[in-house]
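Below is one structure, written out as structure tokens; comments come after it.
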Amino acid sequence: MGILGGGAGGVNAAPAVRARALVSCALFPASAERIVRMTVKTRFAPSPTGYLHIGGARTALFSWLYARKHGGSFVLRVEDTDQERSTQESVNAILEGMTWLGLEYDEGPFYQTRRFDRYREVIQRLLDEGKAYKCYCSKERLDALREEQQKRKEKPRYDGKCRDLTEPPSPDAPYVVRFRNPLEGQVVVDDRVHGRVAFSNTELDDLIIARTDGSPTYNLTVVVDDMDMGISHVIRGDDHLNNTPRQVNILHALGVEAPVYAHVPMILGEDGKRLSKRHGAVSVMSYRDEGYLPEAVLNYLVRLGWSHGDQEIFSLDEMIQLFDIDDLNAKASALNVSKLNWLNQQYMKAMDPAHVARHLSWHMGQLGVDPAQGPALEDIVVAQRERSHTLVEMARNSLFFYRMPESYDDKAARKNLKADTRPALEALRAALAAAPEWQRERLHETVTGVAESLDLKLGKVAQPLRVALSGGPVSPPIDETLELLGRDRSLARIDAALQFIDQQGQAAG
RNA sequence: GCUCCCAUCGUCUAGCGGUCCAGGACGCCGCCCUCUCACGGCGGAAACCGGGGUUCAAGUCCCCGUGGGAGCGCCA
């Protein structure tokens with residue numbers, strides 16, 4: 001079960017959806033048809049000002065899973081209205097991260113900068129309908145206002161000076177457009193992870209929806225896009241929870257229903273503090289660089305804030321089938337590298353070695369090794385996966401299969417490559433040179449044979465041999481190591497070790 | 001400062017009023033296995049933030065406190 005299990009997959013999800021829809025029908029017969037037809041559409045809407053953040057990747061994963069589970073679609077939208085900070089490199093980096101994780105989108109990427117005409121149209125409509133107004137207040141006045149309010153220990157907000165203005169102060173005075181937020185009542189958000197959250201309209205002010213240059217702001221573009229794109233479920237970080245009532249008000253002013261919201265908690269660093277660069281791996285691609293399999297990262301992320309009983313390992317199909325927003329935790333969760341390491345190893349052990357080998361190949365390349373010049377990587381994977389947590393670790397520990405170790409591990413050499421062990425190495429060299437068949441079981445017999453003939457325990461001959469072959473105290477079982485390394489390389493390394501022992505002897509004498 | 005959110009082992013979590021002297025996982029400790037390191041197996045230490053209620057019964061519901069976090073931009 002688990003990792004490799006294709007199994008039942010998403011097919012089983014369909015009846016569940018239907019069952020839920022039927023319940024809704026019973027409660028709201030009038031809207032039954034609409035509910036049944038409503039297709040799930042989720043979105044991931046990063047702003048391209050950096051890399052794909054691990055927290056962003058998790059909300060993207062949740063959105064993606066939810067869409068997949070319900071046979072809906074997943075939209076990628078690039079929120080690049082801040083033209084100062086948005087870059088194409090960043091867009092590429094985000095796309096690269098999504099691709100590496102395998103979170104393919106069904107629609108998009110849509111760029112907000114290409115939809116300015118549409119936003120202008122909506123802003124104009126709001127203006128025409130009196131649901132928005134022009135504000136001529138200068139930045140200076142606004143700054144002063146804010147400062148004063150803070151001094152008075154009040155929540156800084158716009159005072160509505162231009163709200164009821166009928167004439168502009170001067171014919172071509174510059175202005176921003178503000179949304180006319182309701183003065184009374186409250187906005188209730190039925191959040192799928194936080195439950196019912198009520199905000200009083202008196203806490204909200206008239207936010208700017210168009211800047212002096214006419215460009216739209218975030219709260220406006222989000223609302224227009226979610227509306228136009230038919231987003232049914234907005235799954236995003238809970239740092240947006242406070243923006244939600246404003247967005248709901250704009251949506252209502254536009255005459256549409258708000259989508260379902262699910263504000264997922266943010267991810268914390270290992271120290272429980274807000275994730276930042278100093279925590280190391282914050283970008284998704286750094287997880288590739290550090291040797292994690294995308295499947296393991298996905299599994300790790302899905303378990304952060306979500307669970308299904310005691311199950312720890314989920315195949316993609318299982319995730320799709322079992323994931324539900326209602327099972328999301330409301331508490332922020334801290335990253336835990338040791339658990340990721342464990343999971344990654346579980347995946348390396350359970351997945352098809354050929355698949356793991358493809359990833360390992362990239363890491364070998366990073367270390368300057370051409371895997372074609374040595375044992376098949378698939379075999380290396382099988383030999384090393386039990387003693388590696390990451391692909392980087394696996395690659396480093398496997399370097400000796402592809403090139404002569406530059407030096408011996410100090411401690412290991414002192415203990416195992418010395419005059420005392422020379423006879424064992426010599427005997428091994430002779431026996432291995434004469435071995436009729438270079439094959440694991442035979443090699444095992446050869447090594448144990450040498451040990452017996454010298455009346456030594458296996459460890460007494462295996463360990464010096466290990467150091468001779470690998471340069472250090474750790475390697476796969478000695479027979480396996482020999483088999484993978486091959487006869488020529490093995491003999492050459494024993495010779496080198498014998499020579500090393502002699503040199504040490506001379507130096508000492 | 002104001003508003004909103006959050007609170008079970010170190011960490012990720014189970015728990016959806018009685019089955020909890022709180023279960024699982026990672027990590028940690030011990031033992032077993034063993035040619036090294038591991039893997040694996042077995043065992044162990046380790047938590048309901050505090051205080052009030054509600055109830056026959058509270059980790060589970062309510063309130064307050066405390067502690068964390070987020071938002072309050074012509075950023076997104």
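First the proteins, then the strands, lettered A, B, ... as listed; each starts at 1.
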> Are any of the side-chain heavy atoms of A:Arg77 and A:Asp225 separated by less than 4.5 Å?
Replying inline: yes

> Roughly how many Å is it from NZ in A:Lys457 to C1' in B:C35, rounded to a whole number?
Replying inline: 10 Å

> A:Lys155 or A:Trp306: which one's nearest nucleotide on RNA chain B is closer to the 5' end?
Replying inline: A:Lys155

>> Return whichever of A:Arg466 or A:Asp80 has its heavy-atom-nearest nucleotide of RNA chain B closer to the 5' end.
In response: A:Arg466

> Which whole-number value in Å describes the distance from A:Arg274 CZ to B:C6 P?
Replying inline: 18 Å

> NA contact type, A:Leu304, heavy-atom cut-off 4.0 Å: base, sugar-phosphate, or nothing?
Replying inline: sugar-phosphate

> Which is true for A:Glu270 with a 4.0 Å heavy-atom rule: it touches a base, it touches only sugar-phosphate, or it touches nothing?
Replying inline: nothing

> Is the shortest heavy-atom distance from the side chain of A:Glu140 to the side chain of A:Asp143 under 4.5 Å?
Replying inline: no

> Is there a residue in residues 469-477 of chain A whose heavy atoms reach under 4.0 Å of RNA chain B, and which residues are they?
Replying inline: A:Pro473, A:Val474, A:Ser475, A:Pro476, A:Pro477

>> Can you confirm whether more than 12 heavy atoms, excluding those of A:Glu184, are under 6.0 Å from its CD atom?
In response: no

> Nearest-Å distance, OH (A:Tyr218) to C1' (B:C74)?
Replying inline: 17 Å

>> B:A76, OP1 or OP2 - any side-chain N/O from A:Thr81 closer than 4.0 Å?
In response: yes

>> Any side-chain N or O of A:Lys331 below 4.0 angstrom from OP1/OP2 of B:G69?
In response: no

> What residues, two or more places apart in sequence or in another chain, satisfy salt bridge (Lys or Arg N to Asp or Glu O under 4.0 Å) together with A:Glu147?
Replying inline: none

>> Applying the side chain to side chain donor-acceptor pair (under 3.5 Å) criterion to A:Arg246, which one of A:Asp205, A:Asn181, A:Asn201 satisfies it?
In response: A:Asp205

>> Less than 4.0 angstrom between a side-chain N/O of A:Asn329 and OP1 or OP2 of B:A7, yes or no?
In response: no

> Taking NE2 from A:His240 and P from B:G71, how many angstroms apart are they, rounded to a whole number?
Replying inline: 9 Å

> So what does A:Glu203 hit on the nucleic acid, given a heavy-atom distance under 4.0 Å: a base, only sugar-phosphate, or nothing?
Replying inline: sugar-phosphate

> When we call it a touch if two heavy atoms are under 4.0 Å apart, what does A:Arg152 touch: a base, just sugar-phosphate, or nothing?
Replying inline: nothing

> In whole Å, what is the span from the CG atom of A:Asn341 to the C1' atom of B:C37?
Replying inline: 16 Å

> Less than 6.0 Å separating the ring centroids of A:Tyr105 and A:Phe44?
Replying inline: no

> Between A:Gln346 and B:G40, is there a side-chain N or O to OP1/OP2 distance below 4.0 Å?
Replying inline: yes

>> I need the CZ-P distance between A:Arg146 and B:G71, as an integer number of Å.
In response: 15 Å

> Once each nucleotide of nucleotides 28-33 of chain B is scored for protein heavy atoms under 4.0 Å, what B/S/- sequence comes out, 5' to 3'?
Replying inline: ------

>> Does B:U13 have its OP1 or OP2 closer than 4.0 Å to a side-chain nitrogen or oxygen of A:Ser333?
In response: yes

>> Expressed as a whole number of angstroms, how long is the span from A:Asp310:CG to B:C26:P?
In response: 12 Å

>> For a quick check of understanding: with a heavy-atom distance under 4.0 Å over all strands, which category does A:Glu79 fall into, base, sugar-phosphate or nothing?
In response: sugar-phosphate

> At under 4.0 Å, does any side-chain N or O of A:Ser307 touch on OP1 or OP2 of B:A14?
Replying inline: yes

> In whole angstroms, how far is the C1' atom of B:C72 from the CG atom of A:Asn242?
Replying inline: 8 Å

> Looking across every strand, which nucleic acid part, if any, lies under 4.0 Å from A:Val176 by heavy atom: base, sugar-phosphate, or nothing?
Replying inline: base

